[in-house]
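Everything on this sheet refers to the single structure shown next.
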Amino acid sequence: MKVRNLVLSASLACVALSGALVSTAAMAQAKEQFFPSLVYRTGAYAPNGVPFANGYADYLKLTNARGGINGVKVSFEECETGYATDRGVECYERLKGKNGGATVFQPLSTGITFALTEKAPIDKIPLITAGYGRSESADGGVFKWNFPLAGTYWVAADVIIQHLGKKEGGLDKLKGKKIALVYHDSPFGKEPIPLLQERAAMHGFQLSLLPVTHPGVEQKATWLQIRRDRPDYVINWGWGVMNSTLLKEAQATGYPREKIYGVWWAGAEPDVKDVGMGAKGYNAITMQHGTEKGSAVAKEILAKLHEKGQGTGPKDEVGEVLYMRGLISAMFAVEGVRQAQEKYGKGKIVTGEQARWGFENLNLTQAKLDALGFKGVLRPISTSCQDHMGAAWARIHTWNGSKWEFSSDWYQGDEQIIKPMVKAAADKYATEKKLTRRAPSDCQS
């Protein structure tokens, strides 16, 4: 397994622990707050994984440049998963006890998320799956250690259908329409299916499910079927090379790119840059942010890191979609720790269990976000014992042939549809795993 050490301070002198659970005493001996980083800089998904990892690293570096978390410096270490679930679990086991103990893990893979969901409660290490992972993990009453902050795949799928309904003049106008879901044949790709099936039953549109085998370079049969059926819209639930392949096949088939809507993992620069004008008109959902090169936080990273030769990766990607996603994910991790310090002591290193409390009581107001450099990038996010998602805002952006531009107003996922689905799925999970919903006493601050 290829492990890249990107420890931010040469003064890190704590001994790596190899146990499953890190004690509070061991954490107190650590000199820095440790954030393990699961990445994939190699393999079929590297073009998308690399900018995310770079943004994640740069925000942690920026945190130190800003003076740490109330004075506590941070460190991190990368572990290469190659987007493989087994390697992701190996990375988790390798890093969970190092450097005083892991603060939080961000799997960056729905498959790895499924696997680590079983381990997190035992090891008392929270998981952040910002905009991905298990959609039902928004239910903190069952998933105490999972935090799909800022949105889930069900929110994304719901907003896409809302947007298509608006384009048609109302959701009732979707009756009789054909919508094809072209999806990565993996836990990630299958996530939106229950929500889309629910919406199809409500509005009377015909949903066809078209799986694409990993890594997604072979789609000839899929597009022959699309050419035959001529769906009114295509939803692309792809990742990595699957996305650019899909757009090239759509171009070859003559399917209008403006009728294709991608999940937010199918709406970044690597997905379209090789297709260029051939992808013009292609749309994708964004869970709040898009390309944010003009944001205050991007400018600060260029000034404090890249201009001093301390940035991660090329400075040209700073502010691009996936770079921003990694950066924002790191910000969530840092701000959860900051919130935990409000309870457990400012300027102190917190354990994974204490950090979990911080993520559950996160209150990122607009004023806080603006102060951190995210004005115009993010809307408020506030979690609770029952709500581990904290926000359900989304927009659509469209590729104009050379760059991404926002092309819709803000939408929110429909809670009347999503909440009952989340509770039902969470209850089913609890029954299967013989879990009991958290008691009110477990939710007290």
Side-chain angles (χ1 to χ4, degrees), residues 22 24 27-28 30 32-37 56 59-60 62-76 100-106 120-121 123-131 133 137-141 143-151 287-289 297 326-375 377-393 438 440-445:
V22 180
T24 303
M27 179 65 78
E32 297 162 332
Q33 193 76 45
F34 177 54
F35 294 90
S37 179
Y56 195 89
Y59 193 81
L60 295 178
L62 178 64
T63 299
N64 279 347
R66 288 172 167 175
I69 310 172
N70 291 319
V72 176
K73 292 299 181 75
V74 305
S75 66
F76 69 99
T103 305
V104 60
F105 276 92
Q106 305 208 34
D123 296 328
K124 299 188 184 305
I125 303 172
L127 305 176
I128 291 178
T129 58
S137 67
D139 187 340
F143 294 90
K144 182 176 179 177
W145 297 88
N146 294 60
F147 294 88
L149 298 174
M287 305 299 278
Q288 301 208 25
H289 78 87
V297 68
L327 184 153
I328 289 167
S329 296
M331 181 272 286
F332 290 154
V334 167
E335 292 309 306
V337 170
R338 194 186 309 277
Q339 182 67 20
Q341 287 185 2
E342 293 295 321
K343 179 177 176 67
Y344 298 103
K346 281 189 176 181
K348 293 184 178 180
I349 291 172
V350 300
T351 65
E353 188 169 14
Q354 291 168 342
R356 193 214 65 80
W357 183 91
F359 300 131
E360 185 165 277
N361 292 274
L362 202 60
N363 184 26
L364 292 174
T365 64
Q366 195 63 59
K368 288 180 182 178
L369 291 169
D370 292 355
L372 290 169
F374 295 93
K375 185 176 183 179
V377 178
L378 295 175
R379 286 192 167 193
I381 297 170
S382 178
T383 57
S384 67
C385 178
Q386 296 302 321
D387 178 12
H388 278 198
M389 184 171 67
W393 293 103
R438 295 167 65 185
S441 60
D442 192 27
C443 291
Q444 293 175 357
S445 298

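From a predicted model like this one, the values you see are computed outputs, not experimental measurements.
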Audit row: Met331, Leu372, side chain to side chain contact (heavy atoms under 4.5 Å, CB included) steps and yes/no
CA-CA 9 Å; Met331 181 272 286; Leu372 290 169; 4.2 Å; yes
For the side chain of [X] and the backbone of [Y], is there at least one donor-acceptor N/O pair under 3.5 Å apart?
X: Gln386; Y: Asp139; answer: no
X: Gln33; Y: Thr103; answer: no
X: Thr383; Y: Leu362; answer: yes
X: Asn146; Y: Ala138; answer: no
X: His388; Y: Ser137; answer: no
X: Arg379; Y: Gln366; answer: no
X: His289; Y: Val377; answer: no

Identify the two heavy atoms, one from [X] and one from [Y], that lie closest to each other, and give their separation to 0.1 Å.
X: Trp357; Y: Ala340; answer: CE3-CA, 4.0 Å
X: Pro36; Y: Tyr56; answer: O-OH, 4.2 Å
X: Phe35; Y: Phe76; answer: O-CB, 2.9 Å
X: Phe147; Y: Pro126; answer: CE1-CB, 4.2 Å
X: Met389; Y: Ile381; answer: O-CG2, 4.1 Å
X: Ala333; Y: Phe359; answer: O-CE2, 3.7 Å

Which residue in the set Gln341, Glu342, Lys346 passes side chain to side chain donor-acceptor pair (under 3.5 Å) when paired with Asn70?
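Of Gln341, Glu342, Lys346, side chain to side chain donor-acceptor pair (under 3.5 Å) with Asn70 is met by Gln341 alone.
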I want to check something: taking the side chain as every heavy atom from C-beta on, are Pro380 and Thr365 in contact at a cut-off of under 4.5 Å?
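When only atoms from C-beta onward are counted, Thr365 and Pro380 do not touch, as no gap falls below 4.5 Å.
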Heavy atoms, side chains only, cut-off 4.5 Å: are Leu364 and Leu378 in contact?
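Heavy-atom side-chain distance check fails, nothing below 4.5 Å.
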Apply the test side chain to side chain contact (heavy atoms under 4.5 Å, CB included) to residues Val104 and Leu127: give CA-CA distance (whole Å), side-chain angles for both, the deciding distance (0.1 Å), then the verdict.
CA-CA 6 Å; Val104 60; Leu127 305 176; 5.8 Å; no
Check this for me, if you would: do Glu360 and Lys343 make a salt bridge, where the nitrogen-to-carboxylate-oxygen distance has to be below 4.0 angstrom?
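No, no charged N to carboxylate O under 4.0 Å.
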Salt bridge present between Glu353 and Arg356 (N-O < 4.0 angstrom)
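Salt bridge between Glu353 and Arg356, a charged N being under 4.0 Å from a carboxylate O: no.
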Roughly how far, to the nearest 0.5 Å, is the [atom2] atom of [Y] from the [atom1] atom of [X]?
X: Ile69; Y: Asn64; atom1: CD1; atom2: CG; result: 8.5 Å
X: Asn363; Y: Ser384; atom1: CG; atom2: OG; result: 11.0 Å
X: Leu149; Y: Gln106; atom1: CG; atom2: CD; result: 8.0 Å

For Arg438 and Cys385, what are the C-alpha separation, side-chain angles and deciding distance, and is it a side chain to side chain contact (heavy atoms under 4.5 Å, CB included)?
CA-CA 9 Å; Arg438 295 167 65 185; Cys385 178; 3.6 Å; yes
Does the side chain of Asn361 pick up a donor-acceptor pair with the side chain of Gln339 at under 3.5 Å?
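There is no such pair between these side chains.
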Describe, in one word, how the ring planes of Phe374 and Tyr59 are oriented to each other, choosing from parallel (under 30°), tilted (30 to 60°) and perpendicular (over 60°).
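Ring orientation of Phe374 relative to Tyr59: tilted.
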Assess the residue pair Lys375 and Leu369 against the criterion (side chain to side chain contact (heavy atoms under 4.5 Å, CB included)); give the C-alpha distance rounded to whole Å, side-chain angles, the decisive distance to 0.1 Å, and a yes or no.
CA-CA 6 Å; Lys375 185 176 183 179; Leu369 291 169; over 6 Å; no
Tell me whether Lys368 at atom NZ has more than 12 heavy atoms from other residues, nucleotides or ligands lying less than 6.0 Å away.
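Check passes, neighbour count above 12.
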